[in-house]
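Read through the structure below, which is laid out as structure tokens, and then see the notes.
All values below come from the heavy atoms of this structure, side chains included, with hydrogens, waters and symmetry mates left out. Note that ligands are numbered from 1 as they come in the structure, with each ligand's atoms numbered from 1 the same way. Quick caveat: nothing in here was measured; it's all calculated off a predicted structure.
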Amino acid sequence: MKYEAVIGLEVHAELSTASKMFCGCPVVDATLSQPNTAVCPVCTGMPGVLPVVNQQAVEYAIRVALALNCSIARTSIFARKNYFYPDLPKGYQISQYEAPLAENGVLRIDTPSGERDIRIRRAHLEEDTGKLTHVSENGESYSLVDLNRAGVPLLEIVSEPDMHSVEEVRAYAEELRAILRYLGVNSGDMEKGVIRFEANVSIRPVGSTELGTRVEIKNLNSFRALERSVAYQIEQQARRLDQGLPVDQETLGWDEARGVTYVQRSKEEAHDYRYFPEPDLPPLVVEPEWVERVAAGLPELPRARVERFEREHGLSRADARLLVEDRATGDYFEQVLAAAPDLPPRLAANWILGEIFAWLNTSGERIESIKVPPAGLGELLHAVQSQQINAATGKAVLAEMLQSGRSAGEIIAERGLAQISDADYIAGLVAKVIAENPRELSSYLAGKETLSQWFFGQVMRLAGGRANPQVVRAELQRQLSEKKTA
Ligand code: ADP
Ligand code: ZN
Ligand code: MG
């Protein structure tokens, strides 16, 4: 490709506080609540009301700013962003403009070609708007508004145009979501719209350092929409430049069904928001002592945890990332190791990423509430590790544990599943199978070596799957080579 893509992301993250940004209304789950039940005169924009800043929202924003290595302003200013749209009853949104809470941060991401640092330009506090639903029925079209979301605290995190591929954009978005979840400031439930992306995309000839004309793709609410729309724009812009046409500076929407962007606004139609300092709010003052207190309470962040899992437990980066992505999964893994300290960490990781993840997928349960506590998985893996049961039996036992909540020990004892390693007993089984299958034995002796696998299967079947496979294999090899030399 002769062009390089240049991408900057704006991420809107709702902050999961108990109440809204400037009033006492509760922040409710958009998918579970009746429309317009969490509203009051302040968030519906009645005349004569006054906003009051939510301290918890500021604290959450400080957490994020610290996690992104931003410098935090001692004084930041709320501003009015004026525009009329029916989801915004006041006719303006309270945001931060010239003096944001946080600036000049950095987010480290993993890309296919190694680690990269993406600079964060700023992070500022604002309020969310209401939600419009456009209806069209019986030849009539109209819009319904739900103001439950109006006034929910929102943190806007703006990157520098430092990303150059769809993979980097995805990695940045995922890393940021993981951080927000670890900090406990956002559920990360993308399908509920608690994180929304805006992608700014331009291209330039490879080797050029100037920025090309960018488009802005609005309101992307899934990783998939983010990736597809950015890829689509990179392709479109390359095509235009190839044809000698300029890229127009436009605001675009994304049509998920058709897989295309469409123009919402051209440069000429761009809004003039007539920003000015919010007269109803004093400057926001964040004392350094407050920042220090918040910093002291920050949890270990996902990247540090991934690196620790690699270092302390010898996991691959890919496995560590899968375990760490969700904080509860990482906790579960560490609790298994704490309960069974002599287990190889990789064994525990494999069983969680394999069997437990498969169960979570099919059952829809969360790892925090499965019926197998970490110590229970530790006990089971102990039985596998010490060869009391083989891996296949272990999987069957775990499946029953997940269903019933009974312990590994109980199930193994009750069903007589303990693996048999007794050498004499196994030698007897092997001798029996060889004696009962003279035709297969002579083919084997005539050179059909692959039959040893068939013999192995017969012995395991005779043992009801409980024989120790290593002992069976060794014994079979011994008896078969005795026949060869006989
Ligand atoms: P606004 O969207 O309010 O006009 P900015 O000009 O600050 O704000 O840019 C917003 C986002 O656009 C930032 O993430 C920035 O990195 C990105 N951006 C700016 N110029 C370009 C460009 N030429 N190509 C790609 N992204 C860009
Ligand atoms: Zn309210
Ligand atoms: Mg923008």
Practice item. Please work out the angle at the Zn ion (ligand 2) defined by atom SG of C40 on one side and atom SG of C25 on the other, rounded to 10°. Key: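 Between SG of C40 and SG of C25, the angle at the Zn ion (ligand 2) is about 100°.
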
Point to revise | Degrees at the Zn ion (ligand 2) between the SG atom of C43 and the SG atom of C23, nearest 10° | key: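 Taking the Zn ion (ligand 2) as the apex, I get 110° for this pair.
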
Review point. Going by distance only, is there an N or O of V158 that falls short of 3.5 Å from an N or O of ligand 1?
Key: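 Such a contact does not occur with ligand 1.
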
Review point. Do any N/O atoms on L211 end up under 3.5 angstrom from N/O atoms on ligand 1?
Key: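 No, there is no polar N/O contact under 3.5 Å.
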
Review point. So is E198 close enough to ligand 1, meaning a heavy atom under 4.0 angstrom away?
Key: no

Review point. More than 12 heavy atoms of other residues, nucleotides or ligands under 6.0 Å from NZ of K81: is that the case?
Key: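 Check passes, neighbour count above 12.
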
Point to revise | R214, E216, M163, R119: member with heavy atom nearest to atom 8 (O) of ligand 1 | key: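 Comparing heavy atoms across R214, E216, M163, R119, the nearest one to atom 8 (O) of ligand 1 lies in R214.
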
Practice item. Give me the one residue out of E210, E4, Q237 that meets side-chain hydrogen bond (donor to acceptor under 3.5 Å, both in side chains) with R204. Key: E4

Exercise for review: Give the minimum heavy-atom separation between A65 and A102, together with the two atoms involved.
Suggested key: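 Minimum heavy-atom separation between A65 and A102: CB-CB, 3.6 Å.
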
Point to revise | Closest non-hydrogen atom pair between R196 and N219, with its separation | key: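 Closest approach of R196 to N219, heavy atoms only: CG-OD1, 4.0 Å.
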
Point to revise | is_close_aromatic(H134, Y142), centroid dist under 6.0 Å | key: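 Here the rings of Y142 and H134 have centres that are no less than 6.0 Å from each other.
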
Review point. Of Y92, Y97, Y83, which is the lone residue that meets ring-ring contact (aromatic ring centres under 6.0 Å, His included) with Y273?
Key: Y83

Atoms in ligand 1 flagged as close to [X], the criterion being non-hydrogen separation under 4.0 Å:
| X | value |
| --- | --- |
| G212 | 23 (N) |
| E160 | 16 (O) |
| G8 | 14 (O), 16 (O), 26 (N) |
| S159 | 13 (C), 14 (O), 15 (C), 16 (O) |

Practice item. Decide yes or no on ring-ring contact (aromatic ring centres under 6.0 Å, His included) for H12 and F197, but give the supporting numbers first. Key: CA-CA 6 Å; H12 288 97; F197 305 106; 9.8 Å; no

Point to revise | Quiz item: cation-pi between R80 and F276, 6.0 Å / 45° | key: no

Check your understanding: Hey, is L9 touching ligand 1 through its side chain, its backbone, both or neither, going by heavy atoms under 4.0 Å?
Key -> backbone

Study note, to complete from the structure: Note: E10, heavy atoms under 4.0 Å from ligand 1, region reported as side chain

